[in-house]
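Quick note on labels: first sequence line is chain A, next is B, and so on, each numbered from 1.
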Amino acid sequence: MEASIFHSVTLDQTKCKGCTNCLKRCPTEAIRVHDGKAQIIGAKCIDCGECIRVCAYHAKVAVTDPLSILDKYKYKIALPAPTLYGQFKKLESIDALLNGLLNIGFDDVYEVAKGADIITKNVKEDTTIQKKRGPLISSACPTIIRLIQVRFPELLENIVNYISPMEAAAKISKKEFAEKHNVDIKEIGAFFITPCPSKATAIKSPNGFDKSAVDGAISILDIYGSLSAALNMEIDELPKRASKHGVRWALSGGESDALDNGNAISVDGINNVIEVLEAIEDGKLSNIDFFEGLACVGGCVGGALAFENGFIARERIKKLSENLPDAVPYSKEEMAGFDFKLDYPIKPNEVLQLDKDFSIAIKKLEQIEEITANLPGFDCGSCGAPSCRALAEDIVNKRAGEMDCVFKLREKVRVLAQEMIDFSYEAGLDSEKNDKSNNDEEVDG
Amino acid sequence: MEELRVNEYNLKDIYTIEAGNFVTAGEASSNIKTLLKRLGVNSSKLRNIAIASYEAEINLVIHSKGGQMELLVSPNEVIIKIDDIGPGIENIELAMKEGYSTAPDSIRVMGFGAGMGLSNMRNNADDFKIESKLGEGTHICMKFNI
Ligand SMILES: Nc1ncnc2c1ncn2[C@@H]1O[C@H](COP(=O)(O)OP(=O)(O)O)[C@@H](O)[C@H]1O
Ligand code: SF4
Ligand SMILES: [Mg+2]
């Protein structure tokens with residue numbers, strides 16, 4: 001199992017107070033609190049960043065690459081996520097931002113939005129992509145891919161088998177740069193400027209292929225200060241690269257608008273996505289051709305590492321992209337030699353399966369039901385598990401005990417206390433008897 | 001009605017379905033789904049079961065006076081039995097026809113009543129049996145090989 005998979009979302013033990021706020025927000029029940037500290041169960045975590053958003057003590061952090069990673073490469077290419085465009089109040093144009101990235105030391109910039117244009121075009125023209133049972137599912141959000149691997153494995157076959165715009169941008173930009181400057185491609189590093197912890201994970205542990213073409217993920221928050229200072233300086237007119245549609249992939253609905261084929265539905269916010277995936281599973285959305293699900297509210301503009309409020313960023317991106325062309329022409333030669341398809345199908349994550357052996361799984365399930373029926377059903381989280389049922393499962397898997405339930409413990413303490421009272425009462429009666437007899441003696445005496 | 005097969009079932013769950021209750025509609029099939037996922041039932045089969053059990057549950061909510069769904073699981077098969085307390089189906093052959101529906105407009109605006117439910121159940125189950133008597137009730141038994 002993927003026990004050792006890298007995760008961007010991690011816990012800072014020193015800051016964790018052991019409160020249970022994050023427990024219930026986790027869509028895959030991947031968090032437990034034991035001995036006063038939260039723990040993330042790596043095999044279940046899908047890097048959605050919900051716990052980062054809810055933790056008041058900032059104990060949940062997203063690990064991205066430090067800026068020093070740039071020093072490892074002779075040539076550095078910035079791959080800005082289109083979300084970056086919406087982060088600055090006084091940004092005059094997309095060109096000003098792309099120039100800003102050059103100003104702070106990158107040798108080249110390649111818009112991920114252009115990668116989005118290219119993926120869109122490829123998917124549109126690919127006649128082998130057929131609607132399966134239910135709609136095609138976007139492969140854009142790595143959190144949603146991981147969610148489907150864990151909770152909806154039967155929908156994996158519906159996912160569009162193409163790499164992400166970020167990967168496409170890295171592949172193309174490195175090759176172009178190497179050819180243009182006649183340098184070894186190994187000396188070039190391509191860095192995604194990310195609003196998203198999950199993308200950082202997707203670079204380290206890709207899905208559907210072995211090695212990412214992206215060499216690092218730099219958080220928008222880490223680059224924000226230096227980039228702000230380098231904007232709107234001298235602006236070289238850069239060749240217009242991405243289209244309006246490519247840039248708007250940052251917004252929920254953007255990818256569907258770009259694809260523009262048939263009935264599409266776009267859903268944002270992980271819990272909304274779960275609800276709609278359930279509906280797809282039940283066959284309720286057979287009239288829909290394309291499903292775009294983004295884990296963050298509003299789409300990637302709502303990413304956990306974005307600086308600006310997602311709704312504000314959304315409006316800015318709409319404005320900045322208003323006058324961009326609807327489509328960017330690109331030549332077949334330009335794209336020759338690139339394969340944008342996944343190398344192999346995305347595999348299910350069987351972490352929710354109770355046991356490999358069906359009969360044992362059934363036994364465990366029976367035990368879980370039995371134990372759950374005996375727990376109070378408050379789902380209060382005091383035991384460190386997100387629900388009574390989850391505790392029951394932990395008990396069956398020998399990772400917790402019934403006395404972890406505070407109500408069970410109280411019950412037990414009450415019984416013990418009662419026994420002690422009963423015991424001392426009996427003992428007391430005896431001694432009282434003795435006292436009495438003593439007294440009697442005294443009276444007598 | 002004729003049982004599909006008498007067998008030892010390791011797991012048995014019963015869900016009560018209320019007529020006309022759209023708040024809880026879909027909960028039973030959702031529970032069944034979650035449970036079978038935990039057991040590691042094959043993905044593609046799970047999809048069949050999800051679709052068929054959802055259709056069955058919705059039919060109970062919109063067409064029947066209420067009833068129950070029973071889930072039986074053994075290492076080789078999943079059986080879902082659906083029994084309601086009426087009103088029964090007059091002409092089963094007609095009801096099974098794709099596109100045939102008696103759902104009123106008030107139900108259709110909710111997105112139900114495409115007339116595909118029973119045929120979807122038959123197509124997704126490995127074995128499908130239906131019996132119904134007007135004035136008594138409808139009984140469906142679906143078997144899925146896993
Ligand atoms: N449990 C039931 N009780 C009574 N009538 C039913 C029941 N299930 C189905 N029917 C009848 O069979 C018809 C076809 O059912 P179905 O194929 O599920 O289509 P739909 O539910 O969209 O109408 C229904 O319109 C209804 O008249
Ligand atoms: S919506 Fe965008 S930012 Fe959020 S997890 Fe998905 S890819 Fe990352
Ligand atoms: Mg129906």
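- Taking chain B as the reference chain and counting heavy-atom pairs below 4.5 Å, the highest number among A/Asp357, A/Asp282, A/Leu354 is found for A/Asp282.
- Of the candidates B/Lys129, B/Glu77, B/Lys81, B/Lys143 forms a side-chain contact (heavy atoms from CB on, under 4.5 Å) with just one, namely B/Glu77.
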> Between B/Asn76 and B/Ser74, is a side-chain hydrogen bond (donor to acceptor under 3.5 Å, both in side chains) present by the stated rule, with each step listed?
Replying inline: CA-CA 5 Å; B/Asn76 306 317; B/Ser74 76; 5.0 Å; no

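- Rounded to the nearest 0.5 Å, atoms NE2 (A/His7) and CD1 (A/Ile46) are 10.0 Å apart.
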> What do the steps show when you test B/Asn59 against B/Asp84 for side-chain contact (heavy atoms from CB on, under 4.5 Å), and what is the final call?
Replying inline: CA-CA 10 Å; B/Asn59 274 3; B/Asp84 67 42; over 6 Å; no

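- For chain A, no part of B/Asn120 is nearby; none of its heavy atoms comes within less than 4.5 Å.
- No side-chain donor-acceptor contact under 3.5 Å links A/Asn349 and A/Lys44.
- Neither the backbone nor the side chain of B/Ser29 comes within contact range of chain A; no heavy atom of the residue lies under 4.5 Å from a heavy atom of that chain.
- Most heavy-atom pairs under 4.5 Å with chain A, from the set B/Glu55, B/Arg47, B/Lys45: that is B/Arg47.
- Taking A/Glu369, A/Lys363, A/Lys284 one by one and counting their heavy-atom pairs under 4.5 Å with chain B, the maximum is reached by A/Lys284.
- With hydrogens and angles ignored, the 3.5 Å screen pairs a side-chain donor or acceptor of A/Gln149 with a backbone N or O of A/Lys347.
- Contact of B/Lys33 with chain A is made through the side chain alone, with heavy-atom distances under 4.5 Å.
- Proximity to chain A (any heavy atom under 4.5 Å) is restricted, for B/Asp13, to the side chain, taken from C-beta onward.
- Judged by distance alone, the side chain of A/Arg133 and the main-chain N or O of B/Ser44 form a donor-acceptor pair under 3.5 Å.
- For A/Leu156, no part lies under 4.5 angstrom from a heavy atom of chain B.
- Interface remark: B/Ile58 contributes no atoms to any contact with chain A (heavy atom separation under 4.5 Å).
- Contacts of A/Leu365 with chain B are made by side-chain atoms alone, with heavy-atom separations under 4.5 Å and no backbone atom involved.
- The two atoms that bring A/Ser139 and A/Tyr162 nearest to each other are OG-O, 3.1 Å, heavy atoms only.
- Ranked by heavy-atom pairs under 4.5 Å with chain A, the first of B/Asn124, B/Val41, B/Ile49, B/Ile51 is B/Ile51.
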